[in-house]
Amino acid sequence: MIIDSHLHSGIQNVNWRWEDIRSLLLAAGITGAGAIPPVEDVYDRYDPDFTDTPAWQDCRRRAHHYLLDLKDPEIQVFPYFFVWNDFAWEDLGPEYVAIKWHRHPDEPVYDYGSPKCREFLEQVREKGLPILLEESLENTLYFLDKMAPDLPVIIPHLGALNGGYRALDSAGVWGRELVWADMAVAGIAEIKDYLQRYGSQRLMFGSDYPFSRPDTELAKIMSLDLPEAQTQAILGDNFRRLCRRQ
């Protein structure tokens with residue numbers, strides 16, 4: 001099974017329908033999908049002073065249920081739980097394979113000092129879930145050092161939106177045993193460098209659809225002409241191992 005570990009689907013504030021995505025996946029021979037709600041259905045990313053409301057909490061629940069309700073006969077869907085500042089750990093059911101933790105430096109901030117944030121991380125810890133973390137460089141390092149040093153963390157895009165691949169490398173992030181990466185929309189040079197220096201056992205294939213296409217990102221891996229076992233690890237085995245879906 002080839003698994004696109006990082007794609008987005010939702011139909012509330014965007015129109016990223018599963019029906020459109022699945023045709024692209026199947027055309028590329030991909031039969032597994034790590035599905036994440038769109039940011040636009042989680043918080044107002046364009047308002048740096050955004051304050052959470054019951055209406056946005058309902059929107060998040062609908063976004064999650066859209067993914068949970070997908071029953072595709074040809075593609076296995078692995079839903080992510082996209083957490084925001086209500087830290088709604090009571091909604092974190094057994095169907096989820098991972099956590100999405102996301103913001104960019106010019107967007108609303110997570111309340112890391114909230115007691116509910118700690119409670120949420122305790123639930124994540126108990127359930128053994130990895131966290132796909134997209135944050136500023138400063139907050140990425142804070143999260144790894146102070147918030148979740150004992151939890152598996154996936155850095156998406158080989159760090160392109162977490163301060164950059166090289167900045168994270170200089171900080172020693174890629175060498176940490178609990179830090180994984182996905183290569184969605186990453187450059188070939190960074191992918192090659194990562195594989196040469198850190199190996200293939202913690203790198204995962206992803207497309208970040210709709211920001212790239214599954215076939216485009218898959219072609220990057222196939223062009224590297226890696227040994228079969230390494231290719232297989234990146235294209236699905238690593239994701240299943242990390243998310244305990246062997």
Side-chain angles (χ1 to χ4, degrees), residues 1-47 50 52-84 86 88 91-104 107-108 129-134 154 156-157 160-161 182-186 204-222 235-236 239-240 243 245:
M1 181 191 292
I2 300 176
I3 300 173
D4 184 335
S5 70
H6 184 155
L7 58 80
H8 302 275
S9 183
I11 57 170
Q12 294 185 87
N13 296 313
V14 293
N15 189 30
W16 302 342
R17 301 184 310 154
W18 177 250
E19 292 80 3
D20 299 327
I21 299 166
R22 72 181 306 272
S23 62
L24 297 176
L25 294 171
L26 292 173
I30 298 168
T31 56
I36 306 168
V39 177
E40 289 81 358
D41 289 349
V42 175
Y43 62 90
D44 185 351
R45 66 187 310 178
Y46 303 107
D47 179 5
F50 169 75
D52 203 15
T53 65
W56 273 101
Q57 292 165 15
D58 288 341
C59 187
R60 283 197 289 279
R61 291 190 182 98
R62 289 192 298 270
H64 285 124
H65 280 290
Y66 178 73
L67 300 181
L68 293 178
D69 290 342
L70 293 176
K71 303 292 186 259
D72 195 290
E74 297 176 275
I75 300 173
Q76 187 170 355
V77 178
F78 302 97
Y80 284 65
F81 185 89
F82 200 140
V83 62
W84 192 239
D86 55 342
D91 294 339
L92 190 55
E95 307 91 343
Y96 297 102
V97 303
I99 304 300
K100 174 65 167 175
W101 198 295
H102 171 286
R103 64 169 291 274
H104 293 169
E107 294 181 359
L129 297 174
I131 298 172
L132 182 64
L133 176 70
E134 189 168 324
I154 310 161
H157 317 301
L161 296 173
D182 79 39
M183 44 67 61
V185 203
M204 295 180 292
F205 161 65
S207 69
D208 197 24
Y209 178 91
F211 304 101
S212 185
R213 289 171 54 101
D215 56 352
T216 299
E217 299 305 308
L218 180 59
K220 292 179 183 178
I221 297 300
M222 303 310 293
L235 294 185
F239 179 86
R240 287 197 298 270
C243 297
R245 294 300 191 272

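The analysis underlying the following values was restricted to heavy atoms, covering all of them including side chains, and did not include hydrogens, waters or symmetry mates.
Checked against ring-ring contact (aromatic ring centres under 6.0 Å, His included), Trp18 has no partners two or more places apart in sequence or in another chain. Here Glu107 pairs with Tyr43, Arg45 under the side chain to side chain donor-acceptor pair (under 3.5 Å) rule; sequence neighbours left out. Applying the salt bridge (Lys or Arg N to Asp or Glu O under 4.0 Å) criterion to Asp44, with sequence neighbours excluded, gives no partner residue. For the side chain to side chain donor-acceptor pair (under 3.5 Å) test, residues two or more places apart in sequence or in another chain that qualify with Asp20 are Arg17. Taking the side chain to side chain donor-acceptor pair (under 3.5 Å) definition, one finds that Arg22 meets it with Asp72, Glu74, sequence neighbours left out. Here Ser207 pairs with Asp4 under the side chain to side chain donor-acceptor pair (under 3.5 Å) rule; sequence neighbours left out.
Using a 4.0 Å cut-off between charged side-chain N and carboxylate O, Arg60 and Asp86 make a salt bridge.
Residues Tyr96 and His64 place their aromatic rings such that the two centres sit under 6.0 Å apart. Between Trp56 and Phe50, the ring centre distance stays below 6.0 Å.
With rounding to the nearest 0.5 angstrom, the CG atom of Leu133 is 10.0 Å from the NE2 atom of His102.
Under the 30°/60° scheme for interplanar angles, the aromatic rings of His8 and His6 are found to stand perpendicular.
Trp16 and Ile21 make their closest contact through O-CD1, 4.0 Å (heavy atoms, listed as atom of the first residue, atom of the second, distance). The two residues Pro37 and Val42 have their closest heavy-atom pair at CB-CG2, 4.4 Å.
Partner Ser5 forms a side-chain contact (heavy atoms from CB on, under 4.5 Å) with one of Asp208, Ile154, Asp182 and no other, that one being Asp182.
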